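Okay, so here's the structure we're looking at.
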Amino acid sequence: DGVKLVEGRDPSALPAMLALLERTEPGAACDTRAGLLRAARGTVCDRTFLISDLLLEDAAQDDALRALAATARSRVVLHVLGVEDLTPALDEAARVVDAETGDERVVGGGPAVQAAYAVALSAWRAELATRCARRGVRLVPAETTRATETLLFDGLRRARVVTAR
């Protein structure tokens, strides 16, 4: 169903989680909320990571964050965005296809469209950060342009998910 569970005790699960992140490819859409609740099996664990782009409708995104908040004392979203999400080629009009749903749209191009996209992306990420904060979820950017080691030693440490030893 698209939701994969990696289990382990403090810090033993982290390498497996990062290996899963490195192998993850876009796939079919799934019910994130149902997958989180099923993976938790009704228990509250110490820490849960959701690795997702969270490109969901607002209601589905809120459902996923509520379910994540119910699964652990410490909740983390590794917010994965790829090059195509961060800086899409918008020089000219193009047909874009959603990797999960297969939905297709024609998007106009040019500098004005690029600028509007950058503004909309920034606003969306800020709103997502606010939604996560309301649920007590730490949001950690995990752009695919960053090496896994950078994510581990920089992003997770800055978000206070891991500490230096």
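Please read these numbers as outputs of a predicted model, since none were measured by experiment.
- No donor-acceptor pair closer than 3.5 Å links the side chain of His79 to the backbone N or O of Leu139.
- Remark: the backbone N or O of Arg73 is paired with a side-chain donor or acceptor of Arg75 at under 3.5 angstrom.
- Inter-residue side-chain proximity for Val80 and Ser52 is flagged as unmet; no heavy-atom pair is nearer than 4.5 Å.
- For the residue pair Leu90 and Gly108, the shortest heavy atom distance occurs at CD2-O, 4.3 Å.
- Considering only residues two or more places apart in sequence or on other chains, Glu104 meets the side-chain hydrogen bond (donor to acceptor under 3.5 Å, both in side chains) condition with Arg95.
- The two atoms that bring Arg125 and Leu86 nearest to each other are NH1-CD2, 3.5 Å, heavy atoms only.
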>> If you apply the rule side-chain contact (heavy atoms from CB on, under 4.5 Å), what do you find for Val77 with Arg138, and how did you get there?
In response: CA-CA 6 Å; Val77 169; Arg138 290 188 181 142; over 6 Å; no
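- Linking Ile, Leu, Val, Met, Phe, Trp and Tyr whenever their side-chain heavy atoms come within less than 4.5 Å leaves Val83 and Leu81 in two separate clusters.
- In this structure, the side chain of Asp85 engages the main chain of Gly82 through a donor-acceptor pair within 3.5 Å.
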> Step by step, would you call Leu78 with Leu50 a side-chain contact (heavy atoms from CB on, under 4.5 Å)?
Replying inline: CA-CA 6 Å; Leu78 288 178; Leu50 173 60; over 6 Å; no
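- Of the possible polar contacts, one joining the Gln61 side chain to the Leu54 backbone as a donor-acceptor pair under 3.5 Å is found.
- Under the 3.5 Å distance criterion, the side-chain polar atoms of Thr71 are matched with a main-chain donor or acceptor of Leu68.
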